[in-house]
Amino acid sequence: MLDIQLLRSDLEGVAARLATRGFVLDTARFHELEVRRKAIQMRTQELQSRRNSASKLIGQAKAKGEDTTAIMAEVALVGDELKTTEVQLVELQAELQIMLEGLPNMPYESVPVGASEADNQELRRVGSAPVFDFAVKDHVELGEGLGGLDFETAAKISGARFSVLKGGLARLHRALAQFMLDTHTDQHGYTEVYVPYLVNAASMRGTGQLPKFEEDLFRVPRQMGEGGEQNFYLIPTAEVPVTNMVRDEIVPLEQLPLKFVAHTPCFRSEAGSAGRDTRGMIRQHQFEKVELVQMVHPDESPAALEQLLGHAEMILQKLGLHYRVVRLCSGDIGFSSAITYDIEVWLPAQDTYREISSCSSFEAFQARRMQARFRNSAGKPELLHTLNGSGLAVGRTLVAVLENYQQTDGSIVIPEVLRPYMGGLEKLAR
RNA sequence: GGAGAGGUGGCAGAGUGGUCGAAUGUACCUGACUCGAAAUCAGGCGUAGCGUUAUACGCUACCGAGGGUUCGAAUCCCUCCCUCUCCGCCA
């Protein structure tokens, strides 16, 4: 959520910055709502003030045993008008709130202006693509050849966009997650957290998935007492539960920065992506991710994003995988993001780079929604900055390892850093 | 699933229809005393919105959440959520 004060003081400036990401801010409507809100709020508060002082007088008069009919008749009139204006005020503020929650974050100045993926900026390539002297297979062929990847059984159990892993492949998948967690906790200073996979609507609202993107989520209806109904949502990323740990909190200054890492499953309905990446494990309804989350002092967030990006990159470097870092353009960054770097890993079978991590700074956008604050050096509560990034998407990393470490006979050489997690095994073969 | 207790400022904890944004204690800040500290004494000390661009002033809202009664609600009524204790069941 953007700061409403900023919209009030520099509406055109905000509109201009949102325009760079293809969002049209209805400035006339905002202005109109604000004018009405201001008038009604002032009137309401004036009436409340009169009612309060009159009520106080009634109390005093009654204590002395005096007659109060005249003043009570007067305050009744105030009460009648107040009933109307209070309702109007609530409605107006709700309208403003809906409008405000529908506004995406403003991109940083450094974010290249562009309309789509095609305008993203490649920053660097790290490592080099492996050279094969045979026809490479993709991860589906490799996995099925090893007898460890089974989409048919997954389809029977659940449906499309699910997978079953078996044997060495299942273990390799687990090894990757363990390796990532250990690296981030031991070497990068993150605290591991275990969090709920079902969260309430307030948490989804806090990180920006709700109200706008409900169709991307799996909703789990839940009967509450006396016909009440309240939904749980399956998390689409650990970002949601982990970032919401600080919702409605005031963190002491000396505890900053907070750095958390969590390994969780992620659930996405993939509405609107029918027909995209239907083959293999690239785009699933359920996948595992190791997520890095930081809550930092506002002054520190640009540097923290660079560090966080480096932490994610380190995993690929240790795994010996070739990748590139891309700065997303204004038209391609996510709703809540002010700046996003994607890490794209080389997939030889597709002869292309595919996203394996997305690292973003949200500035105070999420913190404002969540009322996540810290106590600054003046002792006053101030909004935190939140950041997160995948470190990394486990399923896609498995795909990358399979494809990049394949041998001519269809076996897979296990990257050295993973071998301790594989009982010393050096190679996956049928 | 059953029974009971409870949710109030950073923390503890009083308040059961009006003078309560809220006693008191504690923590914290300032000052006095002191060479300095401790102890003691005095004062201050919630969040947010609006007027208003303003750490100053005024007004408004906030006592788990939402609704209701009332001229007036932390306090009374209704619904829900959460926490704790005991019993039952259970990975």
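Worth saying up front: this structure is predicted, and the values here are computed from it rather than measured. Below, read A as the first sequence line, B as the second, and so on, with proteins coming before strands; counting in each chain starts at 1.
Taking the six-membered ring wherever Trp is involved, the centroid distance between the rings of A/Tyr233 and A/Phe267 does not fall below 6.0 Å. A/Tyr190 has its ring centre no less than 6.0 Å from the ring centre of A/Phe260.
Rounded to whole Å, atom C1' of B/C29 lies 13 Å from atom CZ of A/Arg375. As rounded to whole Å, 11 Å separates atom P of B/G72 from atom CG of A/Asp80. Rounding to whole angstrom units, CG of residue A/Leu82 and C1' of B/U70 are separated by 14 Å. Atom P of nucleotide B/U19 and atom CD1 of A/Ile58 are separated by 13 Å, given to the nearest angstrom. The CD-P distance, from A/Gln371 to B/G46, rounds to 18 Å in whole Å. Nucleotide B/G46 holds its P atom 14 Å from the CZ atom of A/Arg373, rounded to whole Å. Atom CD in A/Glu86 sits about 15 Å away from atom P in B/U70, given to the nearest Å. Atom CG in A/Leu253 sits roughly 17 Å away from atom P in B/G10 (whole-Å rounding).
Between B/A73 and B/G66, the distance separating the two P atoms is 15 Å to the nearest Å. Look at the C1' atom in both B/U47 and B/U55: the space between them is 15 Å, to the nearest Å. Only the P atoms considered, B/A91 is 22 Å distant from B/U83, to the nearest whole Å. Nucleotides B/G9 and B/A27 place their C1' atoms 12 Å apart, quoted to the nearest Å. On the C1' atoms, B/G72 is 38 Å away from B/A3, given to the nearest whole Å. Here the separation of B/C81 from B/A12, taken at their P atoms, is 25 Å to the nearest Å. Of the P atoms belonging to B/C84 and B/G13, the separation is 16 Å, rounded to the nearest Å. Using atom C1' as the reference point in both B/C35 and B/G25, the two lie 33 Å apart (nearest Å).
No side-chain heavy atom of A/Thr264 sits less than 4.5 Å from a side-chain heavy atom of A/Glu288. With contacts defined as side-chain heavy-atom distances shorter than 4.5 Å, the pair A/Arg161/A/Ser273 qualifies. Side-chain contact between A/Phe179 and A/Val417: present, with at least one pair of heavy atoms (C-beta onward) separated by less than 4.5 Å.
A salt bridge links A/Asp277 with A/Arg354: the distance from a Lys NZ or Arg NE/NH1/NH2 to an Asp or Glu carboxylate oxygen falls below 4.0 Å.
A heavy atom closer than 4.0 Å to some atom of RNA chain B occurs in no member of residues 241-251 of chain A.
In this structure, B/A39 forms no base pair with any nucleotide, since neither Watson-Crick nor G-U wobble geometry is met with both distances under 3.5 Å. With a cut-off of 3.5 Å on both Watson-Crick or G-U wobble distances, the partner of B/U70 is given as none. Base pairing of B/G10 is made with B/U26, judged by Watson-Crick or G-U wobble geometry with both donor-acceptor distances under 3.5 Å. Of all nucleotides present, none satisfies the Watson-Crick or G-U wobble test against B/G17 with each distance under 3.5 Å. Base pairing analysis places B/C62 opposite B/G46; the two distances defining the Watson-Crick or G-U wobble pair are each below 3.5 Å. Under the Watson-Crick or G-U wobble criterion, with both distances below 3.5 Å, B/G1 is paired with B/C87. The base-pairing partner of B/G51, taking Watson-Crick or G-U wobble contacts with both distances under 3.5 Å, is B/C57. Across all strands shown, B/C33 has no partner, as no Watson-Crick or G-U wobble contact with both distances under 3.5 Å is found.
Using a 4.0 Å heavy-atom cutoff across all strands shown, A/Pro381 reaches sugar-phosphate atoms only and no base atom. Residue contacts shown for A/Arg43 are absent, as no nucleic acid heavy atom lies under 4.0 Å away.
Of the possible polar contacts, none joining the A/Ser361 side chain to the A/Ala338 backbone as a donor-acceptor pair under 3.5 Å is found.
Here CD of A/Glu12 is found 10.0 Å from NE2 of A/His31. Values are rounded to the nearest 0.5 Å.
The A/Ser55 side chain lies nearest to B/G72 when the options are B/G72, B/C82, B/A48.
Aromatic ring orientation, A/Phe374 versus A/His297: tilted (interplanar angle from 30° to 60°).
Partner of A/Lys289 under the side chain to side chain contact (heavy atoms under 4.5 Å, CB included) criterion, chosen from A/Pro265, A/Ser390, A/Pro236, A/Ser357: A/Ser390.
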Exercise. How does protein contact run along nucleotides 50-61 of chain B, one letter per nucleotide 5' to 3', with B for base contact, S for sugar-phosphate only, - for none, heavy atoms under 4.0 Å?
Worked result: BS-------BSS

Problem set entry | Test log, rule ring-ring contact (aromatic ring centres under 6.0 Å, His included), inputs A/Tyr194 and A/His263 | CA-CA 7 Å; A/Tyr194 169 80; A/His263 166 220; 10.0 Å; no

For this session: Using the salt bridge (Lys or Arg N to Asp or Glu O under 4.0 Å) rule, take A/Glu416 and A/Lys318 through it: C-alpha gap first, then chi angles, then the decisive distance, then the call.
Result: CA-CA 9 Å; A/Glu416 261 183 60; A/Lys318 284 175 181 281; over 6 Å; no

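Nucleotides of RNA chain B nearest to A/Lys380 and A/Val75 differ in position, and the one nearer the 5' end is that of A/Lys380.
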